[in-house]
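Residue numbers begin at 1 in each chain, while the letters A, B, ... track the order of the sequences.
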Number of protein chains: 2
Amino acid sequence: MADAGGTGTTGDSLLFLTDEQLRKGIEAMFFAYRGFTADPDRILEDYAYGRAHHRALHFINRSPGTTVTNLLAILGVTKQSLNRVLRSLIEDGLVESSVGRNDKRERHLSLTPRGLELEKKLSDAQTARMRAAYRAAGPEAVAGFRQVLEAMMDPDQRRHFNLLKDQPG
Amino acid sequence: MADAGGTGTTGDSLLFLTDEQLRKGIEAMFFAYRGFTADPDRILEDYAYGRAHHRALHFINRSPGTTVTNLLAILGVTKQSLNRVLRSLIEDGLVESSVGRNDKRERHLSLTPRGLELEKKLSDAQTARMRAAYRAAGPEAVAGFRQVLEAMMDPDQRRHFNLLKDQPG
DNA sequence: CTTGGAAAGTCAACAAGGCTGACTTAAAAT
DNA sequence: ATTTTAAGTCAGCCTTGTTGACTTTCCAAG
């Protein structure tokens, strides 16, 4: 923690590493995450679903045909937690679970037309805010935003994040 | 939604506003927020406290003497939710609640030495990750990170965020 | 001085969504 | 044939959010 205050002897400006700046970054994450989830949350109320359902819909849409095990690793929750959410989505006809071809133990998950519809509704709401923020901040700010977020992830999370990259979606 | 794909006629590069880029931003927020909370969460386990306790400690530390009403507005939860958390922190001697001078209905909240100690422990853990991420990404990336986060906030949240700015803390 | 309303706190009940632990079934791998 | 893996289920618990109803305290306006 030497020179964390940035007032030391390094000529290079490290003022962006002061405790005050870091604290503000923490607070920015807190307030921004609330905005980030606010719009989908409002929509989900009408469906008696929660954030957990949204996450499942998002990542199944993102990687159609993914297995339950893979989804568990991405979401970082227990099998029981995910199962509760998945069961209701399957019962309601938003998600389809099909037995694996090669390995019949696996279940491959995909969205039904109704599932795609809700996912799009949620995604549109969340993306609208994101787009406005991106547009307001500009491309260079967005690049920085993405760099810092990626650096904040745990290595495992970053691996999952990068595996999602550039998929045909 | 016109030209959201960025393949249209605008000569200006709007590739950072493609649906794919926005989706990646959403996923980056999700994975990064998990990293963001991971370290404090581990510490809180030892104290039988949760994230809600951490948030209360953080903002009381940030604005010593703040009132319950102000804290409610910042945290965006109900009085009952906050009260449960606050009560346990007061009972355990981490937070002090004192009757207001001018308005004796108000309670002014501040951290006790023990409260300061835990807040520092949590803050140090969270700040360490933040500092590493900032350092890895560099000052310009950090500026962009902050710009985008601020643009994502709801106006009310942004107001609270900016009121916290540059306090003597 | 009385009264209306704001601030704070409390009690009860409930829901979402995490968790652990124990257990079953089916199929793949050894 | 046995072990391991993938999936699913049941039961129970915790945290943290919610509503609604209610009390106490106290400022401020009529």
Side-chain angles (χ1 to χ4, degrees), chain A residues 30 33-34 37-38 40-60 65-92 95-110, chain B residues 30 33-34 37-38 40-60 65-92 95-110:
Chain A
F30 170 69
Y33 200 80
R34 289 247 305 271
T37 55
D41 280 357
R42 266 188 291 272
I43 294 170
L44 289 160
E45 275 176 21
D46 303 335
Y47 291 78
Y49 288 149
R51 231 173 257 183
H53 298 86
H54 181 195
R55 291 198 280 261
L57 289 174
H58 176 100
F59 286 110
I60 293 171
T66 188
T67 63
V68 172
T69 303
N70 184 43
L71 202 51
L72 283 175
I74 289 174
L75 295 173
V77 298
T78 60
K79 187 174 48 163
Q80 294 90 326
S81 265
L82 177 57
N83 217 261
R84 178 169 34 198
V85 164
L86 231 37
R87 203 187 317 164
S88 69
L89 290 173
I90 291 171
E91 277 172 6
D92 297 350
V95 167
E96 213 172 26
S97 168
S98 67
V99 174
R101 282 173 176 256
N102 302 336
D103 189 334
K104 292 176 189 167
R105 287 171 307 181
E106 293 180 341
R107 297 292 183 285
H108 296 279
L109 303 168
S110 54
Chain B
F30 170 69
Y33 199 81
R34 289 247 304 271
T37 55
D41 281 357
R42 266 188 290 273
I43 293 169
L44 289 160
E45 276 176 22
D46 303 336
Y47 292 78
Y49 288 150
R51 232 173 255 182
H53 298 85
H54 180 195
R55 291 197 279 261
L57 289 174
H58 175 99
F59 286 109
I60 293 172
T66 188
T67 63
V68 172
T69 302
N70 183 44
L71 202 50
L72 283 176
I74 290 174
L75 294 173
V77 299
T78 59
K79 188 174 48 165
Q80 294 88 331
S81 260
L82 176 58
N83 215 259
R84 179 170 33 201
V85 164
L86 232 37
R87 201 186 321 161
S88 70
L89 290 172
I90 292 171
E91 276 173 8
D92 298 351
V95 167
E96 213 172 27
S97 168
S98 68
V99 174
R101 282 173 177 255
N102 301 335
D103 188 337
K104 292 176 189 165
R105 289 168 304 181
E106 293 180 342
R107 298 293 182 281
H108 296 277
L109 304 168
S110 54

| Roughly how many Å is it from CD in Glu45(B) to P in dC14(D), rounded to a whole number? | 15 Å
| Asp41(B) has an atom CG; how far is it from atom C1' of dC14(D), in whole Å? | 14 Å
| All side chain to side chain contact (heavy atoms under 4.5 Å, CB included) counterparts of Thr78(B), not counting sequence neighbours | Gln80(B), Ser81(B)
| query | For Arg107(A) and dA26(C), what is the distance between atoms CZ and P respectively, to the nearest whole Å? | reply | 10 Å
| field | Sequence neighbours excluded - salt bridge (charged side-chain N to carboxylate O under 4.0 Å, His left out) pairs with any residue from residues 44-57 of chain B | value | Asp41(B)-Arg51(B)
| query | Which atom pair, heavy atoms only, marks the closest approach of Ser97(B) to Ile90(B)? | reply | CB-CD1, 3.8 Å
| How long is the line joining OH of Tyr47(A) and P of dA15(C), in whole Å? | 22 Å
| field | Nearest-0.5 Å distance that lies between atom OG1 in Thr66(B) and atom CD1 in Ile60(B) | value | 8.0 Å
| task | Check the distance between dT10(C)'s C1' and Arg87(B)'s CZ and give it to me in whole angstrom. | result | 7 Å
| message | Going by side-chain hydrogen bond (donor to acceptor under 3.5 Å, both in side chains), name the residues that satisfy it together with Asn83(B), two or more places apart in sequence or in a different chain. | response | none
| Is the closest side-chain heavy-atom distance between Leu109(A) and Asn70(A) below 4.5 Å? | no
| remark: Of the candidates dG8(D), dC10(D), dG9(C), the side chain of Val68(B) sits closest to dG9(C)
| request: May I have the distance from Phe30(A) (atom CZ) to dT16(D) (atom C1'), rounded to whole angstrom? | output: 13 Å
| request: To the nearest Å, give me how far apart CG (Asn83(A)) and C1' (dT24(C)) are. | output: 13 Å
| Partners meeting side chain to side chain contact (heavy atoms under 4.5 Å, CB included) with Ser88(B) (sequence neighbours left out) | Tyr49(B), His53(B)
| query | Quick one: does Thr37(B)'s side chain get under 4.5 Å of Phe30(A)'s, heavy atoms only? | reply | no
Please tabulate, one pair per line, each protein N/O and nucleotide N/O from nucleotides 27-30 of chain C that are separated by under 3.5 Å, including the distance.
unit_1  : atom_1 : unit_2    : atom_2 : d
dA28(C) : OP1    : Asn102(A) : O      : 3.2
dA28(C) : OP1    : Lys104(A) : N      : 3.2

| request: Indicate for each nucleotide in nucleotides 16-21 of chain C, in 5' to 3' sequence, whether protein heavy atoms under 4.0 Å reach the base (B), only the sugar-phosphate (S), or nothing (-). | output: -BBBBB
| query | Rounded to whole angstroms, how far apart are CD1 on Ile90(A) and C1' on dT9(D)? | reply | 13 Å
| message | I want to check something: taking the side chain as every heavy atom from C-beta on, are Arg107(A) and Thr67(A) in contact at a cut-off of under 4.5 Å? | response | no
